[in-house]
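Please read the structure below before turning to the comments.
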Protein chains: 2
Amino acid sequence: MQSQQAISAIPDFQPLYKQVHTVLVKRIANGDWGPGQALPSEQALALELGVSQGTVRKAMDALAAQSLIVRQQGKGSFVAEHTQEHSLYRFFRISRPAPDGARVTPELGAAKIKRRPASLVEQAKLQLDKGDEIVEIRRTRLVDQSPAIVEKIILPLALFPDIDSNEMLPNTLYSLYQGVYGISVAGVREELRAVLANKRDARSLGVASGSPLLQIDRVAIGLDDRHVEWRVSRCDTRHVVYAVDVN
Amino acid sequence: MQSQQAISAIPDFQPLYKQVHTVLVKRIANGDWGPGQALPSEQALALELGVSQGTVRKAMDALAAQSLIVRQQGKGSFVAEHTQEHSLYRFFRISRPAPDGARVTPELGAAKIKRRPASLVEQAKLQLDKGDEIVEIRRTRLVDQSPAIVEKIILPLALFPDIDSNEMLPNTLYSLYQGVYGISVAGVREELRAVLANKRDARSLGVASGSPLLQIDRVAIGLDDRHVEWRVSRCDTRHVVYAVDVN
DNA sequence: GAGTGGTCTAGACCACGCA
DNA sequence: GCGTGGTCTAGACCACTCT
């Protein structure tokens with residue numbers, strides 16, 4: 001009656017709750033339930049999958065811990081939405097220095113967008129083939145009305161068809177990816193370095209050429225583990241910092 | 001028979017498993033079980049605290065998620081140890097750039113240690129009072145035999161009596177804090193900035209004065225939420241990077 | 001074989017949101 | 001009042017470790 005049953009015909013050796021977890025991730029990735037929509041209740045899923053409610057609960061608790069879903073007592077469980085506030089703070093770690101430590105909401109400055117074939121580095125970063133096209137976005141972000149971050153964003157055109165025909169791109173691109181293109185960013189991997197401002201940086205940020213900048217090299221990864229975006233940000237850290245908490 | 005009983009005489013309104021969690025954290029912080037030692041079994045704790053095994057399990061799962069304890073099937077649950085490898089990788093995020101991405105094990109270079117009254121900044125960072133003494137450690141860490149990181153470490157002398165009488169400090173200070181002084185680092189808060197190498201940095205790291213360095217400003221926090229250490233590292237990021245994964 | 005944590009189930013009551 | 005997720009319990013079997 002219990003333990004190590006497989007949901008599919010051929011048993012694998014994952015615990016049941018992990019199998020349930022995997023099934024649910026796939027369904028979310030597949031768009032069975034759109035962002036903001038409610039998943040079936042624990043009971044309904046348990047019945048459908050032939051496991052107990054407690055097992056479904058454990059799988060859904062894991063989804064909630066990954067913030068793939070949001071659970072609300074009395075209402076239900078909902079596919080996480082990359083709304084403005086949410087998405088901004090999940091992957092955006094720029095804040096004011098301690099002891100204030102407040103999160104910062106950057107505003108959008110100038111932006112340029114163009115389409116071209118992927119360079120070799122871009123092919124590697126985004127798992128593309130030779131000849132694949134990408135879209136390059138360059139933009140500035142402001143903190144307290146003055147430019148603080150320059151970004152170069154590279155997107156595979158195949159995943160975001162005609163994204164370069166948008167007049168104005170929103171501040172939080174991830175909600176656009178999710179809402180319009182059905183691509184949810186599940187996680188990011190970032191590498192941080194210190195670099196010197198080149199002439200273009202200096203002009204965009206209003207700093208002296210040769211000023212120190214924090215460079216954030218980020219690859220965004222989708223629900224299906226595809227590399228969805230490559231973004232290189234250069235940040236003037238005189239008034240804001242990149243904050244990390246490890247527990 | 002179930003639900004919302006309080007362990008202590010005066011009920012608070014925390015779920016039982018959170019109360020159990022809190023009790024266990026306090027006992028660990030208090031040294032009831034030393035690092036590496038086994039906690040009582042789930043059954044034993046459940047009996048002692050008058051709750052069910054499942055509730056104790058949920059509390060201990062949370063402790064494991066915080067990596068405050070390590071659980072081993074068939075053996076028991078053990079207070080986490082800040083061993084060399086462990087402690088190094090828990091809070092040390094320097095690695096090689098992608099696609100390699102391998103963790104790096106820094107070696108220890110020159111070190112200097114001295115005792116003096118806390119400056120104003122140090123008082124603020126470490127929650128000290130005027131006149132309190134601190135110990136300042138300055139040292140260099142090597143990657144691939146060449147200097148890559150300079151560190152300035154500030155410790156409250158009250159927490160680490162006579163630490164400055166040590167001949168050689170180990171590479172991973174956190175295991176020393178835990179093993180000798182009974183202070184476990186439960187988490188850290190870091191702020192990252194880009195700065196330019198001053199003359200001292202340049203000499204220590206073998207780079208040109210004015211080179212860009214990644215500055216990591218870290219406050220380490222103990223089990224009882226006290227600020228235990230303030231550490232400012234400056235890192236040459238030409239060959240290594242600071243890696244962050246968010247999921 | 002005894003003891004531990006890991007998984008799974010079944011059923012209960014509670015707190016919440018909504019109609 | 002109903003359905004949802006949140007908490008708690010009790011009991012079962014499994015996988016692992018040690019003796």
Side-chain angles (χ1 to χ4, degrees), chain A residues 1-8 11-24 28 33 36-81, chain B residues 1-8 11-24 28 33 36-81:
Chain A
M1 185 101 90
Q2 77 298 330
S3 185
Q4 291 300 111
Q5 309 177 350
I7 291 171
S8 61
D12 53 25
F13 297 102
Q14 288 286 92
L16 258 189
Y17 71 91
K18 280 190 187 165
Q19 297 181 41
V20 172
H21 177 91
T22 305
V23 167
L24 295 179
I28 292 172
W33 312 292
Q37 286 181 10
L39 275 68
S41 71
E42 297 178 353
Q43 275 296 359
L45 284 170
L47 205 63
E48 179 199 336
L49 299 172
V51 301
S52 83
Q53 190 195 11
T55 301
V56 173
R57 173 181 296 275
K58 194 160 180 180
M60 292 179 80
D61 281 349
L63 290 174
Q66 299 174 265
S67 63
L68 248 169
I69 65 172
V70 177
R71 314 194 74 181
Q72 282 177 261
Q73 187 174 99
K75 294 182 70 177
S77 300
F78 305 85
V79 178
E81 271 183 297
Chain B
M1 186 102 88
Q2 75 298 325
S3 186
Q4 292 301 110
Q5 309 175 350
I7 290 170
S8 60
D12 53 26
F13 297 102
Q14 289 287 93
L16 257 188
Y17 71 89
K18 280 189 187 165
Q19 297 180 41
V20 172
H21 178 91
T22 306
V23 167
L24 295 180
I28 292 171
W33 312 293
Q37 287 181 10
L39 275 67
S41 72
E42 296 178 353
Q43 276 297 359
L45 283 170
L47 206 63
E48 177 200 336
L49 300 172
V51 301
S52 83
Q53 190 195 11
T55 302
V56 172
R57 174 180 295 276
K58 195 161 180 180
M60 292 179 80
D61 282 347
L63 290 175
Q66 297 174 265
S67 62
L68 248 168
I69 65 172
V70 176
R71 314 193 75 182
Q72 281 178 260
Q73 188 175 103
K75 293 183 70 177
S77 300
F78 304 84
V79 178
E81 271 182 298

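The chains referred to below are lettered A, B, ... by the order of the sequence lines, with proteins before strands, and numbering in each begins at 1. Quick caveat: nothing in here was measured; it's all calculated off a predicted structure.
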Find the distance between [atom1] ([X]) and [atom2] ([Y]) and round it off to the nearest 0.5 Å.
{"X": "A:Lys58", "Y": "A:Asp61", "atom1": "NZ", "atom2": "CG", "value": "9.5 Å"}
{"X": "A:Leu39", "Y": "A:Leu63", "atom1": "CG", "atom2": "CG", "value": "7.5 Å"}
{"X": "A:Gln37", "Y": "A:Glu81", "atom1": "CD", "atom2": "CD", "value": "9.5 Å"}
{"X": "B:Arg71", "Y": "B:Arg57", "atom1": "CZ", "atom2": "CZ", "value": "5.5 Å"}
{"X": "A:Glu48", "Y": "A:Gln43", "atom1": "CD", "atom2": "CD", "value": "13.0 Å"}
{"X": "A:Met60", "Y": "A:Leu45", "atom1": "CE", "atom2": "CG", "value": "6.0 Å"}

Rounded to whole angstrom units, what separation is found between the [atom1] atom of [X] and the [atom2] atom of [N]?
{"X": "B:Glu42", "N": "C:dG6", "atom1": "CD", "atom2": "C1'", "answer": "9 Å"}
{"X": "B:Tyr17", "N": "C:dC14", "atom1": "OH", "atom2": "P", "answer": "18 Å"}
{"X": "B:Gln53", "N": "D:dA10", "atom1": "CD", "atom2": "C1'", "answer": "10 Å"}
{"X": "B:Leu45", "N": "C:dG3", "atom1": "CG", "atom2": "C1'", "answer": "15 Å"}
{"X": "A:Gln14", "N": "D:dA15", "atom1": "CD", "atom2": "P", "answer": "14 Å"}
{"X": "B:Lys18", "N": "D:dT7", "atom1": "NZ", "atom2": "C1'", "answer": "11 Å"}
{"X": "B:Leu47", "N": "C:dG3", "atom1": "CG", "atom2": "C1'", "answer": "15 Å"}
{"X": "B:Gln43", "N": "C:dG3", "atom1": "CD", "atom2": "P", "answer": "11 Å"}

A:Leu49 side chain near A:Thr55 side chain, heavy-atom distance below 4.5 Å |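 The answer is no, as the side chains (C-beta and beyond) never meet within the 4.5 Å cut-off.
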Is there a side-chain polar atom (N or O) of [X] under 4.0 Å from OP1 or OP2 of [N]?
{"X": "B:Ser41", "N": "C:dT4", "answer": "yes"}
{"X": "A:Ser52", "N": "C:dA10", "answer": "no"}
{"X": "B:Ser77", "N": "C:dG5", "answer": "yes"}

In residues 57-76 of chain B, what residues come within less than 4.0 Å of DNA chain D, judged by heavy atoms?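 Close to the strand are B:Lys58, B:Gln73, B:Gly74, B:Lys75.
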